[in-house]
Amino acid sequence: MTWRTEHPPTTEDLNSCIDCGLCLSACPTYSITGDETASPRGRIAAMRAVDRGTVALDNRFAQIVDSCLQCLACETVCPSLVPFGTLMEGARAEVAAHRPTPTTAAKRFIFGRLIASRRALMFLSWLLVIAQRLGITGVLPGRASKAKAIRTIPIPVSATAGRQWDPQGEPIGTVGFLSGCVMDHWYSEVHVAVIDLLTRAGYRVVAPKQQTCCGAIAAHEGAAQHARRMAQRNVEAFAGFDTIIVDSAGCSAHMKDYAHWTEDGADLAGRIADANQVIAKLIADGKLPTITERRGQIAIQDPCHLRHAQGITLQPRDILRAAGYEVVETDPTGTCCGAAGAYQLSHPQVSERLGRRKAAQVAATDLDRVASANPGCEMQLLSYLGNSTTVEHPIEIYRNELNRNQEST
Amino acid sequence: MPGPAADVTRLAAATKRLFEDLSDESVEASAAWTVAPSTMEEAALVLRAAADARMPTRFYGGGTHMDYGYRGDFELVVTTSRLNRVVDWQPEDLTVVVEAGVPISTLEETIGERNQTAVLPEAFGRATVGGVVAAGLSGYRRFRYGPTRDRVLQVGLAAGYGRVIAGGGPVVKSSTGYGVPRLATGSFGSLGLVGWVMLKLWSRPRATASIQIDEAAAAASTYRPLAVLETSEGSFLYLGGDPQQVTAEIASVDGEVRSGLHWPIPISNRIRLEFRVPPRLLRQAIDWAQRVDAARWIAEHGVGRVEAGVDAIEPKAIQAARAWAETNGGALIVASTHDPEIDPWGTPPVSIEIQRRIKQAFDPFSICNPGIFPGGL
Amino acid sequence: MIGYGLPHFPMTRASSVDDSSGVVARLIGVLGSERVHTHPLDLLVFGKDAGVTPGEAAVVVLPESTDEVAAVVRVATAAGVPVVARGAGTGLAGGAVPTSACVLVVLTRMNEIFEVDEVGRTAWVGAGLVNEALSNAVADHGLLFAPDPASQQTATIGGNVGTNAGGPHCLAEGSTIAHVLGMEVVTGDGEVMMVGGAAPDPLGYDLRGLFVGSEGTLGIVTRVLVRLVEVPPQLETMLISFVDVSDAARAVSEVIAEGVVPAALELMDGPMIEAVENFVHAGLPVGPGAVLLAEVSGHSVGVAADAALVREIAVLNGATEIRVARDEDDRALLWKGRKAAFGAIAQSAPDYYLNDTVVPRTRFVDVLDEIYAIAERYELRLLNLIHAGDGNFHPIVSYDAAEAGMTEKVIDATHEMVRAAVAAGGTLSGEHGIGIEKRDLMPEVFSADDLDAQERIRDAFDPLRLLNPGKVLPEGSRCLDRPPT
C-alpha cells in the first residue's frame, strides 16, 4: 500500500500494538456493539492490513475508521503505549485523500477553512444569536436539533483574540491565551472566567491576534494539511510566551501533540497548559482562594480529551472542592458521552446510545448540577438530561462562587 | 497382545499370579474370579482379556460404597488391594501420587507427618483413595476446600478397552488437554479402573475447633469455616486456621466449643438417602428428612447435600421427594436398598446420549461395572 | 441486560464472496445481514486473537441468543462447514483462530447476567459477559468471580471456560474449572443441552469438567452457571524486592513448603518491571533483580500471621525492600501493574513469543535458572512474568521478526524452554490452553495412548470434527490399532 498523505499511520506505530486486547472494554463503540471491527485493536488491525497491502483502502475501511469516536480511552488503558490517536488521525487523512466524497470535501471546508476564519465564525455566531433570540433552534429538525443545546450566546458577541488583560494584583508574569474557534463566541463565559481568575492571581493575559483555531477538528476529520497549517500559524503566534493557557480540553490535548503536526511544534507543545491544571495549581499555591462554606454536591463528568488524552482528572475535582462543593462521581471508567465533535452528526445512533448511557449515570446521582469542562460534552449532556439539569465548566463554577462570596462579604 | 479370540482360559492364564491369597476376599457373590493386579499394565491386561471374554467386571476398593447404583451380575472382580503404594509424595509441592488401593487412613497418616491433608471424606472406614475418587465423594471440608474433583490433578486409568492411559497434568494448575481426571472422578469405574491419582494437598490448619451452635445460621458471621453441618444431633461449626484466628472466631460465636474436629458418625441405617440440591433449598430437604422420620440426617450448608438414614420407607415418598429435587435441578440418590422398585439414581441427566457415547468410547464391550451407572450405563 | 442494545454500523459487503454452498445466505436468513460479516477486512480483523498466529474465517456471525447459536451451528454443520467459537479474542494460544474456512461464532453480544443467587452464591451469565463486569456487578453483594486472568477487563467468561483460565488468585481459589457449576451448551448437532447445575455432584459423568478447557472443540458454551466467592474480609498486599530473581524464586518455594497458600504470589523480573513501570508509574523498583507481589487474604488475625510469615521468609532469602499496600487504591495500582505486564512488552520490540508451562514447585528455582540460560545461549531478550505460587511460568521472548532467521531462533529457544519444564515434571499450559500454538507439543507430555483417549472423548461429542478443528490435539492422535467400536 502506498499511503498518499504526509502523515499516514506508520508501520512502526502499528507494530507497537501486540493485540493484547486490553483496550477493547474501554472502547465505547466496542462496548455497545461487541464487534471487533468497532474496537481499537480491530481498527489497528484494519490499518495494518492496508499498510501491508493485504487489503485495499475501500469503503469498509473508511467505515471502520469513521466509527471511532477518537475519545482515546484506549490510550489510557494501553500498556504498550500505542499512539492510537495519531494512528487514527493518519488513517482519517488517508481516507479523505483516497476517497474524496462530497461529505469529506464539505468537512474539509468547514473544519479546515471556515473554522479558521474569524470573520466567518463571527458571522455564523450572529446567525445563531438571532436564531436563539427568535426561539427557532428548538424547532430545528433531526440532527440539527442538537443546536438547541448550545448556550445562549450573549450580545454583543464577544471575541478575545487580539486583546490583553492586565493583572488585578501583584504581577507574577505573562501568559498567552488561546481564543479558539467557536469557543470564543459560543462559550465566552468560560473564557471570561479563566481570564478573570488568571488576572486575579497576577498574570497578564495576552491573546495574540494572529492565532487561529488549534486544528484539532481538522486533524480528527482527516483534513491533515489544514491541521498542519493551523499548527504552524499558532507556533508563530505564541512564539514569545513561556506558558499558553488553553481552556478547551480538545484544544489543549491537540496542541500538546503539535510535535506530530509541525516540525517546530514540540517546543510549543511543551509550553501548553490546560486551564484546569493552571487554576488548580494557583489554588493549591494559595494564589487563588479556597472557599470554606459548603455548597452541597455536584456531579462530575470527565471530557475524554482531559481524562484520556491528558490524564487530567484530579484538577477539575480540586477546583470544584475549592469552590465549596462535594464532588460526586458519575462514571468510574470515564466512557465517552458520544458527542465527540462531528461524530454526533455522522453516527447519530451510536452517539445517542452513549449520550443516554451517560445521562443515565448522571441521573443516578439525583443531582441537577453537573460539572463538565468541555462544550461538546455539555451539549450532549443537556440533550439527554433535559432542561432541569444545568451543566457548567468547573472553572466557571469556581469563579461564580468566588464572586458570590465577595458580594456577601 | 491377546487377540479378539481370547477366552476365559486365557484370562486365567494371563492373570495366574493375581489369584494368590484372595480366596477369602470374595466380595461379589456371583463372581467366579477375583483378581488383584499390582501394576497398571496388569490391570489393563486383565481388562483386555475380560473385554475379549465379554465378562462383566466389578471393581473393588475398600468396599465401603458398593451400595451405590443399579445391581448387576458380575463374573470378575478386580480389587485394588495390591495397588497400594504411596508412590510420590512431594510435601514441598503439596502434591502426592497415590495408588488406588491405598486406604484414606494410610494416606492421611503418611502425609500427616508434615501436617498435610488430601481433604478426602473424614469418616473413611476402610475406604480407599481409588474408591472415593471413582465414587466422586467429597468430605465435609469441601465447604472451604472445594470438592475432591478439584484436587485430582492427574489420573491413571486402565481403560475398558484394555490400555493404560493417563490424563491431566502432574502440576497444581493445568490447561493441557481434556479434563480426563474430572471425567474419571465420579465415573464409578464405568470407564475402566482408576489405578492411581495425583492429588493436590493442603496444609492442615494449625488450630481447629468444633462448635455446637443453636442454629446453622449462627455460622454466617465466620469467613470460610471448614464446614457448617446441621444434623439430627445438632448444628456444628468447624473452624480451622491460625491459633489466634480460631480463638478470635470462637469468641464471636455462641456455642459449646470442643478443640479439634469432631465429625458426625457416618449414617449406617439400612437405607441411605442422599439429596443433592442447590444450597438455597437445603432447608426443604432437611424438612423432608424430618417429615419421613429419618433416624438420622446430616445436612451440609453451602453445599446442598443432605444425607438421611431410614430403616424403611415407602417408594412413593421417595418418588415425590425425587420429583421435587429433580425439578429444582438436583437429585435424590438412594443407596443400600435391595428393593427393586426403588430406582437408586432417578432420572438420568439430559446429556445421557453423550454420556452413553463416552461410555462406549472407553468401554466398548461394556464390561466395566456395567449397568450400575445413572442411565444404566 | 448489561449491554446497551444493538446499534449497527452500516456494512458494505464485498459482492464477490463465493457462497456456492448457500451457507452465508442461510446465516443471513437466521441473523439478518447486519450480524453476518463476509467482507475480507472483517474476516481478517476477526481472524486473530492476542496470540501470534493469524487465521481467516469464511464468515463471521454475531448471534445474540442460544437459539441463534444453535441455528447457526445447524446451518454450518449441515453443509459440512466447521464452526469456531470466539469471545473477546484475548486468548494467547490461538484457540479461537480459524484453521480453515469456517463460520466464526462471536459470542460477545451474549453478555447478560440472567440471575444472581446471593444466598447460594451463584450466577447465570451469558458466555459473552466480560469477566470483570461480573465481579463488578456482584460487588455490592460482597461477592466476586474468583478467576482473574490478566485480560479480565476484556476476556469473556465463555473464553475463560474454553481455556480453563487462571490468573494470580487461582493459586488459592483454583482455576475456572473450580468456579463453573453448570452450563448451557450447543452441541455439534445444533441441539441445546444443559450440563451440571447448582446442586453438588451432578449425576453421571462430569461433563462440565470436559467442556471447561476444551476450547470449543466439544460444543459451544452459551450460558454459564458460575460460583461466586465472598470478598475476603481482610487483604494484605505486599511488593517485595529482591536483588536476584533466584532469591525471589526460593522465597516462593519456601512459603509453599511451609504450607501457607497465599491468595497470590506473582513474580516479575527486572526487564518486565521496567516495561510495566513505564505504563503504571507505581513506583516499582526499576533495575536488575525481581519483585514478588504477594497477597494474603482471609480472617484479619490469620492474615496478619500469614503476612508476617511471608515477610520473614522473604527477608531470610534476601529481600531488600517490602512495600505494603497502604489502601485499596495502592493495592489496585500494584495489581494494575501486574495485569498490564503482558501488554507492556511491546514497548521493547514488535514481536513476542511466550510460554505457559507449569512445573512442580519443588523444581521451580532450577527451571527458572535453566530458562535464563537458554535465553542467554540464544542471545534473546527475555522478560519473565511468573505465577510463582503455582509454578506457572510465562517467559516472554521479545524480538523483531524482521531480523533474518530470528523467528526460527525464537521458536527453537522457546521449545527448548518447554522441554526443560517438561523434563522437570511439568506440563505445557497452566491457563492459556493448547490451541494451535502448543498442539504439536502435546506428545511431549502425553503418550500415544493418552492422546488416543482424548480423541475418543472428542469423538463422543464431535465425530465429524466440525467443532474448532485443528485445535488441542495434534493430527493423527487416533491410535491405528484401536479396536472397532
Side-chain angles (χ1 to χ4, degrees), chain A residues 11-12 14-39 41-46 48-50 54-64 66-67 77-82 311 332-333 347-354 356-357 360, chain C residues 3-14 35 37 39-42 44-52 60 62 86 88-90 92 106-111 128 130 132-133 136 150-151 153-155 275-276 278-280 337 339-347 349-352 400:
Chain A
T11 306
E12 194 192 345
L14 290 169
N15 280 347
S16 69
C17 168
I18 54 154
D19 298 346
C20 72
L22 293 189
C23 53
L24 266 63
S25 52
C27 176
T29 53
Y30 176 80
S31 75
I32 58 173
T33 59
D35 193 320
E36 181 80 28
T37 60
S39 78
R41 179 177 66 177
R43 290 171 183 131
I44 288 174
R48 217 185 260 146
V50 173
T54 317
V55 294
L57 194 161
D58 62 1
N59 273 339
R60 181 67 187 123
F61 179 79
Q63 285 162 351
I64 289 174
D66 282 344
S67 75
V77 298
C78 177
S80 289
L81 315 176
V82 174
T333 55
H347 296 79
Q349 217 188 355
V350 176
S351 175
E352 183 180 340
R353 288 274 169 195
L354 294 169
R356 290 200 185 286
R357 181 202 291 202
Chain C
Y4 291 86
L6 314 155
H8 303 281
F9 294 111
M11 298 295 165
T12 337
R13 242 154 295 282
R35 291 189 281 128
H37 296 345
H39 189 283
L41 198 50
D42 290 78
L44 197 138
V45 167
F46 276 101
K48 199 178 157 296
D49 60 10
V52 294
V60 177
L62 290 109
R86 185 186 199 267
T90 54
L92 289 162
V106 179
L107 296 159
T108 46
R109 284 177 175 240
M110 296 176 60
N111 62 354
V130 171
E132 197 173 60
N136 290 343
S151 58
Q153 69 192 67
T154 300
V276 169
N278 281 344
F279 169 60
V280 289
K339 301 222 164 168
F342 166 66
I345 59 176
Q347 293 171 32
D351 300 284
Y352 73 92
D400 185 351

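Residue numbering restarts at 1 for every chain, and letters A, B, ... go by the order of the sequence lines. Being a predicted model, the structure only gives us computed values, none of them experimental.
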Which atom pair, heavy atoms only, marks the closest approach of [X] to [Y]?
X: Pro79(A); Y: Ala340(C); answer: CB-O, 3.3 Å
X: Thr154(C); Y: Gly21(A); answer: OG1-O, 2.7 Å
X: Gly34(A); Y: Thr108(C); answer: O-OG1, 2.6 Å
X: Ala45(A); Y: Val45(C); answer: CB-CG2, 4.1 Å
X: Leu22(A); Y: Ala150(C); answer: CD2-O, 3.9 Å

(request) Identify which part of Asp49(C) has an atom lying under 4.5 Å from any heavy atom of chain A, answering side chain, backbone, both or neither. (result)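 Answer is backbone: N, CA, C or O of Asp49(C) sit under 4.5 Å from chain A.
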(request) Side chain from CB out, backbone as N, CA, C, O: work out which of these in Ala155(C) comes under 4.5 Å of a heavy atom of chain A, or both, or neither. (result)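 Answer is neither: Ala155(C) stays 4.5 Å or more from chain A.
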(request) Under the side chain to side chain contact (heavy atoms under 4.5 Å, CB included) rule, what do Val77(A) and Gln153(C) come out as? Steps first, then yes or no, please. (result) CA-CA 10 Å; Val77(A) 298; Gln153(C) 69 192 67; 4.1 Å; yes
Spatial distance of atom [atom1] ([X]) from atom [atom2] ([Y]) [nearest 0.5 Å]:
X: Lys48(C); Y: Arg41(A); atom1: NZ; atom2: CZ; answer: 7.5 Å
X: Leu41(C); Y: Thr54(A); atom1: CG; atom2: OG1; answer: 9.5 Å
X: Phe46(C); Y: Thr37(A); atom1: CZ; atom2: OG1; answer: 5.0 Å
X: His39(C); Y: Ile64(A); atom1: NE2; atom2: CD1; answer: 7.5 Å
X: Leu62(C); Y: Thr33(A); atom1: CG; atom2: OG1; answer: 8.0 Å
X: Asp19(A); Y: Thr90(C); atom1: CG; atom2: OG1; answer: 11.5 Å

(message) Assess the residue pair Asp35(A) and His37(C) against the criterion (side chain to side chain contact (heavy atoms under 4.5 Å, CB included)); give the C-alpha distance rounded to whole Å, side-chain angles, the decisive distance to 0.1 Å, and a yes or no.
(response) CA-CA 10 Å; Asp35(A) 193 320; His37(C) 296 345; 2.9 Å; yes
(message) Given heavy-atom pairs under 4.5 angstrom as the criterion, report whether the side chain, backbone, both or neither of Tyr30(A) touches chain C.
(response)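 For Tyr30(A), the contact with chain C is made by the side chain alone.
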(request) Select one option (side chain, backbone, both, neither) describing which atoms of Leu81(A) are under 4.5 Å from chain C's heavy atoms. (result)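 Contact with chain C involves the side chain of Leu81(A) alone.
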(message) Counting heavy-atom pairs under 4.5 Å with chain A, which one of Ser151(C), Gly51(C), Gly89(C) comes out on top?
(response)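 Of the candidates given, the most pairs with chain A belong to Gly89(C).
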(message) Heavy-atom pairs under 4.5 Å with chain C - which of Asp66(A), Asp58(A), Leu354(A) has more of them than the others?
(response)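 So the answer, after comparing Asp66(A), Asp58(A), Leu354(A), is Asp58(A).
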(request) Give the member of Ala26(A), Cys78(A), Cys23(A) that has the highest number of heavy-atom pairs under 4.5 Å with chain C. (result)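 Max contact count across the listed options: Cys78(A).
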